[in-house]
Amino acid sequence: MESPSIQQRRYVASICEEYRSINSAMTDVVNQDEVSCSNCVHWHDGSCKIFDKELAGTDQT
Ligand code: SF4
């Protein structure tokens, strides 16, 4: 199973409505975390159901 690239994770997180930073979930402090699925509470073991959907959606040109 190939894992998503860093660029894919950043792109999907930027368009994903479900994105929720692990850090902002734990604190009110708004910091400049990189917006990436890697930093999302929904990201587990290198994958996310929504990720696959979002990525597939971007293929529709
Ligand atoms: S991990 Fe899932 S829910 Fe979080 S930003 Fe990525 S696709 Fe969206």
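Indexing begins at 1, ligand by ligand and atom by atom, following the structure's order. In what follows, every heavy atom counts, from backbone to side chain, and hydrogens, waters and symmetry copies are set aside.
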If only side-chain N and O atoms count, and only distance matters, is there a donor-acceptor pair under 3.5 Å linking Arg9 with Ser36? no
Strictly under 2.8 Å, is atom 4 (Fe) of ligand 1 approached by any N, O or S atom of Cys40? yes
Are Val35 and Ile50 linked, directly or through intermediate hydrophobic residues, by side-chain heavy-atom contacts shorter than 4.5 Å (ILVMFWY only)? no
Of all the atoms in ligand 1, which lie at a distance below 4.0 Å from a heavy atom belonging to Phe51? 7 (S)
Neighbour count >12 (heavy atoms, 6.0 Å) for atom CD1, Ile6: no
Hey, is there an N, O or S on Cys48 sitting under 2.8 Å from atom 2 (Fe) of ligand 1? yes
Take Tyr19 and Asn39 through the side-chain contact (heavy atoms from CB on, under 4.5 Å) test and state the conclusion after the steps. CA-CA 9 Å; Tyr19 173 73; Asn39 293 329; 3.9 Å; yes
Here the pair of heavy atoms bringing Gly46 nearest to Pro4 is O-CD, 3.7 Å
How far is atom 1 (S) of ligand 1 from its nearest protein heavy atom, and which residue and atom name does that atom have? Trp43 CE3, 3.4 Å
Testing the basics here: between Cys48 and Trp43, what is the closest heavy-atom pair and its distance to 0.1 Å? CB-CE3, 3.6 Å
In sequence, state the C-alpha distance, the side-chain angles, and the governing distance for Gln8 and Phe51, and then conclude on side-chain contact (heavy atoms from CB on, under 4.5 Å). CA-CA 9 Å; Gln8 283 176 318; Phe51 181 89; 4.0 Å; yes
Atoms of ligand 1 less than 4.0 Å from His42 heavy atoms? 3 (S), 4 (Fe)
Subset of ligand 1 atoms that lie under 4.0 Å from at least one heavy atom of Cys16: 3 (S), 5 (S), 7 (S), 8 (Fe)
Those atoms of ligand 1 less than 4.0 Å from some heavy atom in Val12: 7 (S)
Which residue and heavy atom of the protein sit nearest atom 6 (Fe) of ligand 1, plus the separation: Cys37 SG, 2.2 Å
List every atom of ligand 1 that sits less than 4.0 Å from any heavy atom of Tyr19, numbering the atoms from 1 in the order shown and giving each element. 5 (S)
